[in-house]
Each structure stands twice: as structure tokens, then as C-alpha cells.
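What follows is one structure encoded as C-alpha cells, with my remarks underneath.
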Amino acid sequence: MDPAYGLSIQNFVATPQGLSFRQGYRKWATGLPAAATTLMSYNGKNSTANKQFAVCGSVIKDITSGGNVSGGAFTVVSGLNAAAPYWQSASQTFGTGGASYLVCVNGSDFPRLYDGSSWITASQSASPSGPGVFKNVDNNGNGVNIQTFIDVTLHQQRLWFVRENSTTAYYANIASVGGDLFAFDFGSFFPRGGKLQKLASWTIDSGGGTASLLVAISNKGDVVIYQGTSPSDASTWSMLGHYELGSPVGRRCTTQFQGDLLVLTMDGLYAMSKYLQSARLDATQAVTYTISPTISNLVQTLGSSPGFEATLYPGQNVMLLNVPQANQSNNFQFCFHTETQGWTQFTGWGAQTFNLFNDALYFGGTDYVGLAFIGYKDGADIAGAGGNNIVATALTAFTQMADVTGPGMLKHPKLVKPYIVTGQANPTIRIGVNTDFNLIPIVGSATVNPVTGAVWDSATWDSPGSTWVGSLTTFNQWSTPLCYPGTFLALALSVSATSDTLWAATNWIVSPGGTFG
């Protein structure tokens with residue numbers, strides 16, 4: 001393994017400056033009757049109208065203002081099927097009168113719409129009129145049951161719906177949240193059989209400008225991509241190509257990323273742009289390539305469990321890949337830094353789903369909604385009181401240090417100096433050295449002292465010994481590790497802190513031996 005990588009990195013973020021101690025979360029909304037499996041945002045024409053909602057079993061709660069939302073006043077929809085709490089939503093569309101709507105479906109209940117002031121239960125009629133009322137037959141005269149709509153996406157101002165256990169999708173008229181429904185069957189383009197799993201809108205730069213494409217993915221991994229403006233007009237609507245992926249993982253298997261569309265499959269997380277260049281991809285082209293054995297095992301074992309999804313958070317330049325567990329409170333995330341493309345793992349966030357609202361990241365927990373990346377404790381209240389300490393650990397790749405000692409030579413680590421930059425006076429730091437691929441936990445601990453210097457608005461200018469250090473200090477004292485000699489060495493480090501903390505570098509002093517000891 002390249003020495004720049006790590007065998008295990010938990011609760012750090014792989015930033016360009018080094019491994020940064022991750023921030024914690026606070027409980028934004030509490031008193032939920034069940035796990036918050038779905039979070040949805042309503043984006044109004046001005047930000048004061050923005051709303052955030054959480055689906056918790058059989059109810060939808062308004063969690064915009066946070067706090068204890070157990071009271072009935074926060075319940076905006078009730079009587080839903082608690083066995084189908086994973087809803088999909090189109091975040092915004094413009095309908096009759098220029099109003100803005102949030103449209104959501106779950107494949108069991110009638111679709112729901114929010115218009116900025118009230119929730120509407122969708123219905124059907126032979127002569128539909130008004131928002132939320134759909135025609136009960138499609139353009140071919142076949143009956144339509146909107147309760148079977150299990151996915152929704154907004155593409156070129158049209159709502160598209162996926163019908164459960166079918167290869168057929170339905171689309172509405174432009175800028176309409178009701179009215180006629182037009183059937184579009186993708187089945188003939190799914191040679192491996194199966195059903196329509198996901199529709200996604202993908203905007204790309206086609207060379208002569210941007211192009212908006214509709215991507216249809218079957219549960220077997222067949223993908224068909226269309227371009228154009230009107231599906232009912234062959235002169236403006238055409239198929240761009242057909243591709244084969246691994247089977248997609250869940251309904252929330254796609255996410256927009258830097259002008260691309262990422263698809264989470266049984267083979268990992270892949271960019272659709274790669275498929276436009278070649279019908280066959282090798283594993284090294286996966287975004288998850290560096291964690292491919294781990295992610296492949298997880299999706300093979302847990303792929304049928306709801307909760308897998310990837311969420312981009314520009315505020316921290318990260319993308320989080322949520323991984324469900326049998327015990328929902330044990331759910332964890334892989335964190336991808338969009339600049340370094342380094343992966344780490346987050347534990348301690350029992351997230352069921354994530355949502356970006358008003359430029360902040362939230363996640364649904366087992367009985368609460370958390371506000372992520374705030375403070376340096378997990379589970380504090382919204383004011384920052386209480387919560388649990390965060391422990392970040394890392395085990396670097398094993399290295400021979402061949403450029404220093406020569407390849408294959410035995411060596412005995414004598415001293416190790418990690419450089420920890422922190423705003424805290426006394427973070428808890430433990431270090432150890434593992435040899436020859438031994439994966440035992442950290443042994444021993446470091447006794448470190450910060451570099452001292454002048455602090456702004458406290459020290460006297462130009463006085464002796466007043467070296468400027470800003471608000472951060474550096475722990476960089478040599479420590480003697482407790483370990484046996486070995487050919488391959490890896491540093492294990494554990495940090496617990498309550499402020500901004502970064503592991504920037506490490507120095508070693510080793511005593512070289514012979515090739516055979």
C-alpha cells in the first residue's frame with residue numbers, strides 16, 4: 001500500500017493540510033415518534049418560506065425551527081403507512097399560478113404535496129383540475145394508480161414518476177403538478193430484465209453547451225439515457241445510449257457531483273460520464289476504488305437494507321456515503337474529501353438519511369434530527385451542552401522506509417514525533433507503532449507539550465520570546481513507542497479533542513538492522 005494511505009482512518013477528514021479531526025453534531029429536533037428515515041426540503045421563492053420536514057413512521061413533522069417537536073402542532077401529515085417510511089421527493093417545481101411545490105411519494109400512500117402553506121393529498125379524477133389532482137388513466141387509456149408511485153424526479157420542468165415493480169414511468173405536462181399522465185415504458189431497453197429502479201436528471205457540458213439528460217436505471221443495472229425536450233415528439237427526443245452497470249443499491253442510488261452523476265452499485269460508486277466514454281469499466285475508475293474491498297463486502301451483505309445514500313456537502317468539501325446496519329443507531333458513513341479524493345470513516349452518527357437545508361447539513365437519527373459539522377462533541381443539545389467526546393483513530397499503511405534503510409531490512413523504532421496542530425491546550429493523544437502487519441490496537445501513549453508563543457491581544461509586542469503562533473499550537477514532542485523490531489512499520493494514533501485539531505506530519509528515528517535481523 002502507498003505510504004500516503006491508511007489501513008484504518010476513523011473520525012478524521014482527509015484534507016489537503018492533513019488528517020483533520022471531524023466536527024460533531026447537535027440534536028436539532030427531538031421528541032420524534034420513530035426514526036427520521038426521510039428528510040425533505042421545501043425551497044420557496046424567498047428563503048423565509050423555506051421549510052424542512054422529517055418522515056417518522058406514520059407522520060411527517062415540521063422540523064424547520066428545531067427543538068422538541070413531540071407536540072401535535074409539529075405534525076403536518078398523519079395516518080401514513082409506517083411500513084413504508086422511505087419517501088422520495090422532488091425538491092421544487094413551479095405549478096399553476098407560479099406557485100412552488102414539494103412533491104413526495106413512497107409507493108404505498110397517496111402522493112403528498114406542500115405548496116408553502118399547507119399539505120395536499122394527491123387524488124385522481126377523470127377530469128382533473130387543480131394542483132395535486134391527476135388523471136386516472138394515461139395517454140393510452142390504461143388505468144393509473146398514483147399510490148404505486150415510488151420515485152419522483154424533476155426533469156426539464158416535468159415531473160417524472162416511477163411505478164413500483166414495473167418498467168413504466170409516467171410524466172406530467174411542463175410546469176404541472178397534476179393533470180394528464182403520459183406513460184413511458186423502458187422495458188425494451190432492459191435486456192437483463194427486472195424493473196425500473198431509478199430516474200435521475202443529469203445536466204452535463206456536452207461541448208457546445210449544457211445538455212439535460214434523463215437517466216433510467218433498472219434494478220439489474222441496465223441504464224438508458226435520453227436527450228431532448230418532449231418525450232412525445234420523436235424529432236426532439238432520442239436515446240443517447242445504453243450501458244450496463246452493476247445492480248444499483250436502493251432507491252437513493254444517485255447523486256449529482258461536480259457536473260457528473262454518481263451511481264452507487266454493487267460494484268461501488270461510479271461516475272456516469274465514464275460510461276459515456278466506454279461501455280466497460282475497470283474497478284480503478286470507481287470513486288470508491290481505494291475502499292473497494294470494504295464497500296463491496298458491505299453492499300453485498302447489506303445492499304437490500306434501506307439507508308444507503310451519498311450526499312454532497314459543499315460547506316466542508318465532502319461527500320458522505322451512508323451505510324446502514326442491523327441496529328440503526330450503529331449506522332456509519334464513509335467520508336470522501338472532494339479535493340484530496342481521500343476516504344475516511346465516521347462513527348458515532350447513527351444517520352438514517354441526510355439532507356442539505358439552508359446550506360447546512362442535517363441527518364435523521366433514531367428519534368431525533370441532528371445538525372452535522374458543528375462543535376466537537378456528538379449529541380450535544382442545540383446550545384452545545386452535554387454530548388459525547390469524539391475519538392479519532394488512524395493506522396497508517398505499513399512501510400519499509402526503503403529509501404532510508406534499504407528494502408527488506410529489519411528496523412527498530414526508537415522515537416516518533418507526530419505533529420498535531422490544535423486550538424486546544426490539552427488534547428488526549430495516544431500513539432503506538434505496529435510492525436509487520438500486526439493490527440493490534442494502540443499500545444503506549446504520547447506525552448506531548450505544545451509549542452509556546454504569543455497570542456494575539458494578550459502578549460506584548462516585540463517582547464523577548466513572543467513568537468507569533470496565532471490561535472493554534474503544535475504538539476511535536478518525541479515519544480518512545482513500545483514495539484518490537486520489524487521490517488514494516490505503521491504508526492497508530494488516537495486523538496480526542498474539543499477544538500480544531502489536525503495531524504499534519506510525522507517524524508521517525510529508527511535503528512536499522514540486518515536483512516535477517
What distance do [X] atom [atom1] and [Y] atom [atom2] have between them, rounded to the nearest 0.5 Å?
X      : Y      : atom1 : atom2 : result
Phe161 : Thr168 : CZ    : OG1   : 15.0 Å
Leu159 : Tyr171 : CG    : OH    : 13.5 Å
Phe12  : Leu502 : CZ    : CG    : 9.0 Å
Gln147 : Glu164 : CD    : CD    : 11.5 Å
Thr501 : Phe21  : OG1   : CZ    : 6.5 Å
Leu371 : Gln23  : CG    : CD    : 10.0 Å

**Message:** Consider salt bridge (Lys or Arg N to Asp or Glu O under 4.0 Å). Of Lys195, Lys198, Arg192, which one does Asp222 pass it with?
**Reply:**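 Running salt bridge (Lys or Arg N to Asp or Glu O under 4.0 Å) over Lys195, Lys198, Arg192 with Asp222 returns exactly one hit, Arg192.
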
Pairing residues for [X] by the ring pair (Phe, Tyr, Trp, His ring centres under 6.0 Å) criterion, not counting sequence neighbours:
X      : answer
Trp503 : none
Phe488 : Phe437
Phe74  : none
Phe336 : Trp343

**Message:** Tell me the closest heavy-atom pair linking Pro85 and Thr38, and the distance in Å.
**Reply:**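 Result for this residue pair: O-OG1, 3.0 Å.
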
**Asp359 atom CG, over 12 foreign heavy atoms within 6.0 Å** =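 At most 12 heavy atoms, drawn from other residues, nucleotides or ligands, come within 6.0 Å of this atom.
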
**Request:** Flag yes if more than 12 heavy atoms outside Lys417 fall under 6.0 Å of its NZ atom; otherwise flag no.
**Result:**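 Atom NZ in Lys417 is packed in, count exceeds 12.
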
**Asked** How about Asn322 and Thr311: do any of their side-chain heavy atoms sit closer than 4.5 Å?
**Response**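 With C-beta onward as the side chain, the pair stays apart.
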
**Asked** Do Tyr313 and Met319 come close enough that some side-chain heavy atom pair is under 4.5 Å?
**Response**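 SC-SC contact between Tyr313 and Met319 ruled out.
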
Ring geometry between [Y] and [X] (parallel below 30°, tilted from 30 to 60°, perpendicular above 60°):
X      : Y      : answer
Tyr114 : Trp119 : tilted
Phe363 : Tyr368 : perpendicular
Phe186 : Phe190 : parallel

Please name the residue in the list [options] that meets the side chain to side chain contact (heavy atoms under 4.5 Å, CB included) test with [X].
X      : options                : value
Thr254 : Leu199, Thr153, Ile217 : Ile217
Ile420 : Leu19, Ile431, Leu493  : Leu493
Phe398 : Leu7, Leu491, Leu489   : Leu7

Does any N or O in the side chain of [X] come within less than 3.5 Å of the main-chain N or O of [Y], such that one atom is a donor and the other an acceptor?
X      : Y      : value
Ser166 : Arg163 : no
Glu309 : Leu321 : no
Asp436 : Thr487 : yes

**Item:** Electrostatic pair Lys27-Asp381, nearest N-O below 4.0 angstrom
**Value:**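 No, this pair does not count.
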
**Message:** Under a 4.0 Å threshold between the charged nitrogen and the carboxylate oxygen, would Asp378 count as salt-bridged to Arg22?
**Reply:**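 Salt bridge flag = yes for Asp378 with Arg22.
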
**Message:** According to side chain to side chain donor-acceptor pair (under 3.5 Å), does anything in residues 52-62 pair up with another residue at least two apart or in another chain? List the pairs.
**Reply:**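 Counting only pairs at least two positions apart or across chains, the side chain to side chain donor-acceptor pair (under 3.5 Å) contacts touching residues 52-62 are Lys51-Asp62, Gln52-Asn355, Lys61-Thr75, Asp62-Thr64.
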
**Prompt:** Do Phe373 and Trp349 have ring centres separated by under 6.0 Å?
**Reply:**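 Yes, close enough.
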
**Item:** Set of side chain to side chain donor-acceptor pair (under 3.5 Å) partners for Thr37, sequence neighbours left out
**Value:**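 Per chain and number, Thr37 pairs via side chain to side chain donor-acceptor pair (under 3.5 Å) with no residue.
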
